[in-house]
Amino acid sequence: MRDTLSSGYEPNHVEERWRKHWEEDASFTPDPASPGEGYAIVIPPPNVTGALHIGHALNLTLIDVLCRHARQKGKNVLWIPGTDHAGIATQNVVERALAREGKTRHELGREAFIERVWQWREEYGHRILDQIRSLGCSVDWTRLRFTMDEGLSKAVRKVFVSLYNDGLIYKGDYIINWCSRCHTALADDEVEHEDEAGHLWRIRYHIDQSDEELVVATTRPETIPGDTAVCVHPEDTRYQHLIGKQAIVPILGRKVPIIADSYVDREFGTGALKVTPCHDPNDWMLGKRHDLAFIQVIDENGIMKEESGSYHGLTKEACRNKIIEDIAAQGDLVGEEKLQHAVGHCYRCHTVVEPHVSTQWFVKTTALAKEARDAVPDKTRILPESWRKTYYHWLDTIRDWCISRQIWWGHRIPAWTCADCGKLVVAEQDPTVCPSCGSTHLQQDEDVLDTWFSSSLWPFSTMGWPEKTPELAKYYPTAVLVTGFDIIFFWVARMMMMAQHCMHEVPFKDVYLHALVRDAQGRKMSKSTGNVIDPIVMIEKYGCDALRFTLTAFAAMGRDIRLSEDRIEGYRHFVNKLWNAARFSMMNIGETAPKPFDLGAATGLHNIWILHALEEVKKDVDQALEEYRFNDAAQSCYKFLWGSVCDWYLELVKPDMQKEGAPKNQAQFVLWTVLREILVLLHPIMPFVTAEIWDALPVCEGFEHYELAKAPYPPSRPSCVRPKEAAQMDFLQQVIVAVRTIKAELSISPGKKVRLLLQPADDEQVQLLEDNRELILTVARLEALEIDPGAKAPKASASAVVLGCQIVVPLKGTVDLAGELARLDKQLAKLEKNLIAVNKHLADENFLSRAQPEVVEREQRLSTELLDNKEKLTAMRARFAQALAEDAE
RNA sequence: GGGCAGUUAGCUCAGUUGGUAGAGCAUCGCCUUCACACGGCGGGGGUCGUAGGUUCAAGUCCUGUACUGCCCACCA
């Protein structure tokens, strides 16, 4: 046990000790052979290059809440941590570092460069792991994984070969998205479309051997040298007669056919389209369909090729300006207008993406996508459900997945070409001879795989697949995938596809897609906007628990989180409140633990009431977390601890603590129980402060001591569910509040002890109030308390009515008599308003005959009660007014 | 062009199966009451975007509509 707690919670002193303890103790390293239902979550692997941002913090907090809660519920929990090699992103970072030394990766050569990246990872890759650690994540560090680990690389190769052998991976020429800065192909979803202001130029194409002409509209005149056709709609009467003739490409003078295809939108532009099969995906499709020539005029660096004639060597941007100039000079520029249109950008470096024809590797997605689709929602639920449609839609319209990347950092494609016979060899093990001709001149494919290829195997590759491991047997499929919706396609859908192929089973039973964390204005956080909230800074400033509680409390399903620093600061108060409630408890419990007794037999309304409330929170929190309602779980704890325990129970229990014997011991043990169990409930959300308090709490006789991270969820105590007593307590609270209100509104100092006369409505109230006389005296701060239904109230007194019980505070000696009249009028007006509303219901025939009987009954009861209150209050007002008048005389 | 969210107190958001609107922060008043001023007590503040519909009863269900945000999409 630790010494007394300090008066303010200081997270920095506490947290590091627990991080260390959890790690050294291997607290979160489960044994697959141990009992308990397997419950696994794999971390969405952050990039090794990365630093923890607030989105990670949210993601990791929610996962940790689930894992810690599942442990409490007796599950055998495995949370696998790890990082992603993040091909393009990491290569970019290292290349930038090289550039600062004045070197390029090409100067270094492939092998040395890769060596350099590994070095870089050794040096900086632990940063993100440290940050995961500082968040308090209960991950199993002994099972740390990296997508380029030997085991995972083996899995990658196995899947590649298997897909290839099944005919689901092929190599082919296709128009892909090319980033000329990253110098690699990108998958469709790695391209971000953004509306940009551009121009739509109308350019005249002359018709061969004719005076006629055709005007086409284009946003990309630099591709004109690559034109191999002009296309119109087959039913367009304006152009029908030109179909089959030849158009002359401006400047270059090449003749190209005029073709017809219903793809063309007659309404847009001029209704005539120039076709550049090598530099536009639609034109590529047209080119294939109409068997057109394919002329590439822009190279992989964005420079005009020789085929572009006089524009050879220009950048594509320069070419655009020049060619427009030239066409204008020739008099063939017919028009120029501004146009907003979508332009694709590289999701890694934001360079404009160029459609580019090249040889790439693809995964056939049709069959895989169907299986992934069919698994939802029966085998895998997607939450919130609104994302289900999006998921379906993507899979329904999916195109083959381009998986080759022209970079060096990543899993190199396990394909070799025989230099002698040209045979393509795809194999798990590096081949030494060509199986076809026996040659040893085998050349491995230069490309590496898309990062998402290896990530898509993550749920099972991290558990040791393709080996048959105890982890796979116990923990697969994983319980839930928790991630942001921004990677639903990149990652979630692809894991679903790959798992079906490799495991013939879904990778997870639930997918919980959480929100994006935005700034207070709802903007995305970004370094350039300067609105980022750095979780590490927040942890240092306010403590990890405050950050975690804030994120949890804001994690309502299906809604973005608008975060600002003052919210975190606000919840730090809550952490401190818990700390001080614990301090108070321990001061009153003392060194020696109280003697346990049967809580179901507790006496004292306040004890019975708080135990009842405790049962409710336990139920609520458990239910909320089962349904991923994180915010509800956090709110329940917050309300109970602050609103019930601190605001009331701690005050109510003070008199008991001054006594000796049974009442004191009872209060102590109840307090001990309440504190102990709320610590367990809060622990998944705020692991540090709860563990620290738990550690300082004495252990009662007959109770086992274990550390909080290993504590079970508190079992329900049915004998403590006491709704009747809870309602009685509610009545007492209302009485006390009424007295406080009178004091506050009549400017009677809260500290000033007043006399109170209660005129209960019935014997039951008399009994209840008598039984709790002491409690009322203390909490309402009274000098004297008279409970007497027949008592004669002094005329000059302030009054209120609660459930028919009249509350009278004599005002003799106080100043503000006139204030009371105004106060009563306000109360009466409020009552009257309510009464009218209720009576309107009761006067309605339809309501009486059609509403549920309970509802009608409730309304009737309410009406009677309100009327009674009104009458009593009116009478008191009259008496008081009289007193005022007499006083004036 | 298609799809999905959101619109509730000054701000940020809750509001499970329809039954007289809640929290935190902010604001106002009072209080250094021996756990906590990162505190206590009390007050003020909302015709729940808008128009209809269903219902005895709608913030809650349905339809239309406005605005905001996001995602998807091959109109050059």
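Heavy atoms only: backbone and side chains are in, while hydrogens, waters and symmetry mates are out. Below, read A as the first sequence line, B as the second, and so on, with proteins coming before strands; counting in each chain starts at 1.
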Give me the distance, rounded to whole Å, that separates B:C67 from B:U50 when you measure between the C1' atoms they each carry.
10 Å
Can you tell me how far C1' in B:C28 sits from the matching atom in B:G44, rounded to whole Å?
7 Å
Is the A:Trp178 ring parallel, tilted or perpendicular to the A:His356 ring (thresholds 30°, 60°)?
tilted
Using the P atom as the point on both nucleotides, what is the distance between B:A26 and B:G39, in whole Å?
9 Å
Side chain of A:Thr219 only, please: which of B:U12, B:A76, B:C38 is the nearest?
B:A76
Below 30° counts as parallel, above 60° as perpendicular, anything between as tilted: where do the rings of A:Tyr571 and A:Phe554 land?
perpendicular
Tell me which of A:Glu267 and A:Leu848 sits closer to the 5' end of RNA chain B, going by the nucleotide each one is nearest to.
A:Leu848
Is it the case that over 12 heavy atoms from other parts of the model lie below 6.0 angstrom from the NE2 atom of A:His393?
no
Would you indicate which nucleotide in B:G24, B:C71, B:A35 comes nearest to any side-chain atom of A:Ala581?
B:A35
What's A:Leu516 touching, base or sugar-phosphate or nothing? Going by heavy atoms closer than 4.0 Å.
nothing
Taking a pair to mean Watson-Crick or G-U wobble geometry with both distances below 3.5 Å, B:G24 pairs with B:C11
Which whole-number value in Å describes the distance from A:Phe489 CZ to B:G3 C1'?
10 Å
Taking B:G39, B:A76, B:C56 as options, the one with an atom nearest any side-chain atom of A:His573 is B:G39
Please report the distance, rounded to the nearest Å, between CD in A:Glu10 and P in B:C36.
15 Å
Protein-nucleotide distance (A:Glu627, atom CD; B:U17, atom P), rounded to Å
11 Å
Does B:G39 have a Watson-Crick or wobble partner in any strand here, with both distances under 3.5 angstrom, and which is it?
B:C31
Look at all strands and tell whether A:Leu650 reaches a base, only sugar-phosphate, or nothing, counting heavy atoms closer than 4.0 Å.
base
Under 4.0 Å between a side-chain N/O of A:Lys389 and OP1 or OP2 of B:G3, yes or no?
no
Would you mind classifying the nucleic acid contact of A:Glu857 as base, sugar-phosphate or nothing, using non-hydrogen atoms under 4.0 angstrom?
nothing
Between A:Leu862 and A:Gly751, whichever has its closest RNA chain B nucleotide further toward 5' is A:Leu862
To the nearest Å, give me how far apart CZ (A:Arg858) and C1' (B:U20) are.
10 Å
For A:Ile742 and B:C30, give me the distance from atom CD1 to atom P, rounded to whole Å.
20 Å
Paired with B:U68 by Watson-Crick or G-U wobble geometry, both distances under 3.5 Å: which nucleotide is it?
B:A5
How is A:Tyr638 classified with respect to the nucleic acid when contacts are heavy atoms under 4.0 Å: base, sugar-phosphate, or nothing?
sugar-phosphate
Would you call the rings of A:Phe847 and A:His841 parallel, tilted or perpendicular if under 30° counts as parallel and over 60° as perpendicular?
parallel
Whole-Å C1' distance, B:A76 and B:A14:
48 Å
Give the nucleotide from the list B:U20, B:A76, B:U55 with an atom nearest to the side chain of A:Arg850.
B:U55
Is the Lys NZ or Arg CZ of A:Arg373 less than 6.0 Å from the centre of A:Tyr392's six-membered ring, within 45° of the axis?
yes
For A:Asp283 and B:C75, give me the distance from atom CG to atom P, rounded to whole Å.
12 Å
For the C1' atoms, the ones on B:A9 and on B:G59, what distance do you get once it is rounded to whole angstrom?
14 Å
Figure out the CH2/P separation between A:Trp387 and B:C4, and round it to whole Å.
12 Å
Could you give the distance separating B:A21 and B:C25 at their P atoms, to the nearest angstrom?
23 Å
When you compare B:A51 with B:U47, how far apart are their C1' atoms, in angstrom units rounded to a whole number?
15 Å
C1' spacing across the pair B:U8 / B:G45, given as an integer number of angstrom
14 Å
Tell me the interatomic distance from A:Asn580, atom CG, to B:C34, atom P, rounded to whole angstroms.
13 Å
Is A:Arg740 close enough and on-axis enough to A:Trp648, meaning under 6.0 Å and within 45°, for cation-pi?
yes
Between A:Tyr638 and A:Trp642, does the ring centroid distance fall short of 6.0 Å?
yes
Which nucleotide sits closest to the side chain of A:Ser386: B:C56, B:A35, B:A5?
B:A5
I need a per-nucleotide contact map over nucleotides 40-45 of chain B, read 5' to 3'. Cutoff is protein heavy atoms under 4.0 Å; write B for the base, S for backbone only, - otherwise.
SSSS--
My understanding is that a pair needs two contacts under 3.5 Å, Watson-Crick or G-U wobble. By that rule, which nucleotide pairs with B:C56?
B:G19
Check whether any side-chain N or O of A:Arg567 sits under 4.0 Å from OP1 or OP2 of B:U12, and answer yes or no.
no
Phosphate contact (B:A35 OP1 or OP2) by A:Lys654 side-chain N/O below 4.0 Å:
yes
Checking A:Trp394, A:Phe485, A:Phe489, A:Tyr512 against A:Trp387 for ring-ring contact (aromatic ring centres under 6.0 Å, His included), the one that qualifies is A:Phe485
Give a yes or no answer on whether the side chain of A:Arg220 reaches the backbone of A:Arg320 with a donor-acceptor pair at less than 3.5 Å.
no
Within a reach of under 6.0 Å around NZ of A:Lys833, are more than 12 heavy atoms found that belong to other residues, nucleotides or ligands?
no
Would you indicate what A:Phe554 reaches in the nucleic acid, counting non-hydrogen atoms under 4.0 angstrom: base, sugar-phosphate, or nothing?
sugar-phosphate
Heavy-atom closest pair (A:Gly271 atom, A:Arg238 atom, distance to 0.1 Å) is CA-NH2, 3.9 Å
So if I take every side-chain heavy atom of A:Asn576 and compare against B:C74, B:C70, B:C38, which nucleotide ends up nearest?
B:C38
Partner nucleotide of B:A51 by Watson-Crick or wobble geometry (both distances under 3.5 Å)
B:U63
Partner lookup for B:A73, please. Criteria are Watson-Crick or G-U wobble with both distances under 3.5 angstrom; report none if nothing qualifies.
none
